[in-house]
Visitor: 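Supplied in structure tokens, the structure appears directly below.
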Amino acid sequence: MHCYSKVSLLALASVASVASARPSAPTHLDTRSSTEACANGKAIYITSNTAQNAVVAVPIAQNGSLVPSQGSSTSTGGTGASGITAASGDAAGPDSLFSQSAIAIAGNYLFAVNPGSNTVTMLAIDAQDATKLTVVGTPATLPGEFPNTVAASDKYKIVCVGLTGAKAGVSCAPYSSSGIGAVDALRPFALNQTTPPGGPLNTVSQVFFSGDQMTLFATVKGDPTVNNTGYLAAFPMQNTRSSCHVAPSVAASGVTSSPSGTAVLFGTEPIKGSSDLFVTDASFGGAVLSVDSTGKAATVGKGVIAGQAATCWVAISPATNTAFVADVGVDRLVEMSLADGSIQGTPIDLTAISAGDPGLTDLRAAGSFVYALSPGNGTTDASVVVVNALTRSAVQHVSVAGLGLSKSAQGMAIFV
Ligand SMILES: *[C@@H]1O[C@H](CO)[C@@H](O)[C@H](O)[C@H]1NC(C)=O
Ligand SMILES: *[C@@H]1O[C@H](CO)[C@@H](O)[C@H](O)[C@H]1NC(C)=O
Ligand SMILES: *[C@@H]1O[C@H](CO)[C@@H](O)[C@H](O)[C@H]1NC(C)=O
Ligand SMILES: *[C@@H]1O[C@H](CO)[C@@H](O)[C@H](O)[C@H]1NC(C)=O
């Protein structure tokens, strides 16, 4: 089902559901559901993860194309750092952080991790010009090492960071228009890692909130070579009823589960309208997980991708209602079902447009388009490829090296 037929169904549904209760339903309800489903993004954001860490913004034209010549770079005031590729002992890159969501958006705010200074920076997005960013307050110091992933709840105004160094775990803090507040104690993960971490196995992959923002999840990669299974950790939100005395917060302890048939859980996106999650697993491809009321996950279905190297990142397209997954070692996107993780069609080969990208990492979707980062490997430029999700064709490939991005670049957020 493509974007436009979905919108007309949404519009019909909202007309039908309000018709009996409120005969003179305001028409703007219909407009809003159509813009949410189909609006193109205004800009994408990527962290440089260089010594002087910066957030690079690239504006999106009305037709969905990127305009890097009008991009910007804003210093986070923190320090980037790369993990160590365990197999070679070299600084990691592409995939310098072994993570999805090194940068996250909530409302008009962006949050970016600074792995080298153990801080997280909050920035405000200018409503008139999405490439104009302003740091809010000072970067917040975290009670652990090597932050590599961040999630923010717009509903509860809470930001949570995953850390994967010698002191690994998750910490959270409230935020307001004046900046990030007091950071809470680390919810530790026993990874026995170093700082910087040796990866990608046995590291934190991603923190993210459930669709209803009532649960904070973290995916943690196992290491099949030492019989160490990865897991999904779930921490409930507490004190969410409005009260003058107690602010909402993320519980100090949670539950973990290791859904059958998964080992190296990586990037995730909650599936809208359900409590299911779409998750990549670097050891085989992608899977759909169901989550019960206690926060434990079970495998609904999985898709094993032939010829994959490491399928690690995912974005769900609102236009197709399917997942697009990226592999750091193969220059293509694979489309997968949100019902059971099955592979849809043939892989979208990008070698013809990409001029030798070794593979793709972080990606995001808005409107009909998917934006996927290839940080390059030091030989090839960092670049972004734009794919039309409906036609399954690449429409643009642009270098973002001129904006200061190189093989350490990580994370992608999109402002719609
Ligand atoms: C999209 O818009 C940009 C900026 O206006 C323009 O440069 C580009 O040629 C357009 N692309 C297509 C495929 O129409
Ligand atoms: C922790 O890692 C060190 C090496 O970094 C290793 O010697 C030690 O056996 C590990 N401990 C556990 C419990 O895995
Ligand atoms: C791996 O763990 C499983 C379950 O604990 C155990 O049955 C199996 O023997 C272990 N394999 C190795 C190679 O240690
Ligand atoms: C980077 O990737 C290109 C294209 O796949 C390859 O030709 C080149 O040798 C790679 N460079 C390094 C440093 O791995």
Side-chain angles (χ1 to χ4, degrees), residues 2-4 38-44 46 48-50 56-72 82-98 128-132 199-200 282 307-313 317 319 326-334 347-403 405-410 414-416:
H2 78 53
C3 212
Y4 302 102
C38 270
N40 282 338
K42 295 194 174 78
I44 60 165
I46 298 164
S48 69
N49 195 28
T50 44
V56 165
V58 186
I60 300 173
Q62 283 192 340
N63 62 13
S65 299
L66 294 171
V67 191
S69 61
Q70 289 170 26
S72 68
S82 297
I84 306 294
T85 302
S88 65
D90 297 331
D95 190 19
S96 62
L97 297 179
F98 316 129
Q128 309 307 317
D129 176 357
T131 65
K132 199 173 155 208
Q308 73 114 34
T311 305
C312 301
W313 297 269
S317 168
D327 186 322
V328 70
V330 189
D331 191 13
R332 67 184 186 192
L333 296 181
V334 175
I348 303 170
D349 186 288
L350 299 169
T351 52
I353 196 171
S354 82
D357 284 348
L360 299 148
T361 61
D362 304 85
L363 72 172
R364 285 286 163 196
S368 307
F369 300 97
V370 177
Y371 302 83
L373 170 67
S374 180
N377 56 11
T379 304
T380 53
D381 272 9
S383 56
V384 179
V385 64
V386 184
V387 171
N388 183 322
L390 295 169
T391 61
R392 298 165 49 86
S393 57
V395 293
Q396 191 188 25
H397 177 268
V398 291
S399 169
V400 285
L403 290 163
L405 298 178
S406 62
K407 69 174 186 177
S408 61
Q410 186 93 67
I414 192 161
F415 186 57
V416 180

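All values below were derived from every heavy atom in this structure, side-chain atoms included, with hydrogens, water molecules and symmetry-related copies excluded. All ligand and atom numbering here is 1-based and tracks the order in the structure.
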Visitor: Please list, by chain and number, the protein residues whose heavy atoms come under 4.0 Å of ligand 1.
Guide: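 The 4.0 Å shell around ligand 1 contains A61, N63, S65.
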
Visitor: Does any donor atom in the side chain of Q62 or N40 lie under 3.5 Å from an acceptor atom in the other side chain?
Guide: no

Visitor: Does any N or O atom in T379 lie less than 3.5 angstrom from one in ligand 4, N or O only?
Guide: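 Such a contact does occur with ligand 4.
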
Visitor: Return a yes/no value for T380: is any of its N or O atoms, backbone included, closer than 3.5 angstrom to an N or O of ligand 4?
Guide: no

Visitor: Under 3.5 Å, is there a donor on one side chain and an acceptor on the other for S96 and N49?
Guide: yes

Visitor: Could you list which atoms of ligand 4 come closer than 4.0 Å to a heavy atom of N377?
Guide: 1 (C), 2 (O), 3 (C), 8 (C), 10 (C), 11 (N), 12 (C), 13 (C), 14 (O)

Visitor: Taking the side chain from Q396 and the backbone from L66, do they hold a donor-acceptor pair closer than 3.5 Å?
Guide: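 At least one qualifying donor-acceptor pair exists.
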
Visitor: Under 3.5 Å, side chain of D129 to main-chain N/O of T131, donor-acceptor pair present?
Guide: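 Checking the backbone N and O of T131 against the side chain of D129, a donor-acceptor pair under 3.5 Å is found.
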
Visitor: When you check the side-chain N and O atoms of D95 and T361, is any donor under 3.5 Å from an acceptor?
Guide: no

Visitor: Could a heavy atom of G356 be found less than 4.0 Å from some atom of ligand 4?
Guide: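 It does, in that a heavy atom of G356 comes within the 4.0 Å cut-off of ligand 4.
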
Visitor: I need the Q410 CD to S82 OG distance, nearest 0.5 Å.
Guide: 9.0 Å

Visitor: If only side-chain N and O atoms count, and only distance matters, is there a donor-acceptor pair under 3.5 Å linking D381 with S383?
Guide: no

Visitor: Stepwise, does the side chain to side chain donor-acceptor pair (under 3.5 Å) test hold for T380 with D357?
Guide: CA-CA 7 Å; T380 53; D357 284 348; 5.0 Å; no

